[in-house]
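Notes for the one structure printed next.
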Amino acid sequence: MQTVNKIKQLLKDKPEHVGLKVGVRTRGCNGLSYTLEYSKTKGDSDEEVIQDGLHCGFSFPHILVLELDSD
């Protein structure tokens, strides 16, 4: 819950953004790296999860389980 609250706090300073988008890009030694960015809209192919009022979009279909932990 601490992570969700921190992200909500960060989004208050960005009223044009609706949530976060998690994705994967091709780069790095293994060929893939995760991305995490603010999102203004939900993409047509994005999967959306709402956790405690926080909207998270997933733009890569193989991300099935994700746990954000800021501790």
Side-chain angles (χ1 to χ4, degrees):
M1 184 75 165
Q2 181 179 356
T3 302
V4 170
N5 290 335
K6 180 65 176 177
I7 294 170
K8 283 181 178 181
Q9 181 182 358
L10 292 170
L11 284 170
K12 284 183 182 179
D13 295 334
K14 301 179 180 314
E16 70 277 9
H17 293 87
V18 296
L20 293 178
K21 183 179 283 191
V22 180
V24 176
R25 289 195 179 140
T26 304
R27 66 170 102 156
C29 296
N30 68 355
L32 298 173
S33 65
Y34 292 100
T35 63
L36 182 63
E37 53 194 27
Y38 296 108
S39 179
K40 292 182 179 180
T41 61
K42 178 185 174 293
D44 291 338
S45 62
D46 290 349
E47 293 293 326
E48 184 178 29
V49 173
I50 301 171
Q51 177 70 41
D52 298 316
L54 175 67
H55 294 253
C56 292
F58 296 89
S59 61
F60 191 76
H62 294 95
I63 299 176
L64 299 176
V65 177
L66 177 71
E67 181 177 334
L68 296 176
D69 186 2
S70 62
D71 295 333

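If you read the sequence from its start, that first residue is 1, and numbering goes on from there.
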Shortest non-hydrogen pair, Leu20 vs Ser39, comes out as C-CB, 4.3 Å
Heavy atoms of Val24 and Thr35 approach each other most closely as N-OG1, 4.0 Å
For Glu48, enumerate each residue passing the side chain to side chain donor-acceptor pair (under 3.5 Å) test, keeping only those at least two apart in sequence or located in another chain.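 Here the qualifying residues are His55.
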Report task. Quickly, which of Val4, Asn5, Leu11 forms a side-chain contact (heavy atoms from CB on, under 4.5 Å) with Ile7? Name it, please. Result ->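 Of all the options given, the one that passes is Leu11.
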Exercise. If Ile, Leu, Val, Met, Phe, Trp and Tyr residues are connected whenever their side-chain heavy atoms lie under 4.5 Å apart, and connections chain through other members, are Val22 and Val18 in the same group?
Worked result: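 In one cluster: no.
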The complete set of side chain to side chain donor-acceptor pair (under 3.5 Å) pairs with one or both residues in residues 10-21, sequence neighbours excluded, reads Lys21-Asp46
dist Thr3:OG1 -> Leu54:CG (nearest 0.5 Å) comes out at 10.0 Å
Sequence neighbours left out, what passes salt bridge (charged side-chain N to carboxylate O under 4.0 Å, His left out) with Glu37? Give chain and number order.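 With sequence neighbours excluded, Glu37 shows a salt bridge (charged side-chain N to carboxylate O under 4.0 Å, His left out) to Arg25, given in chain and number order.
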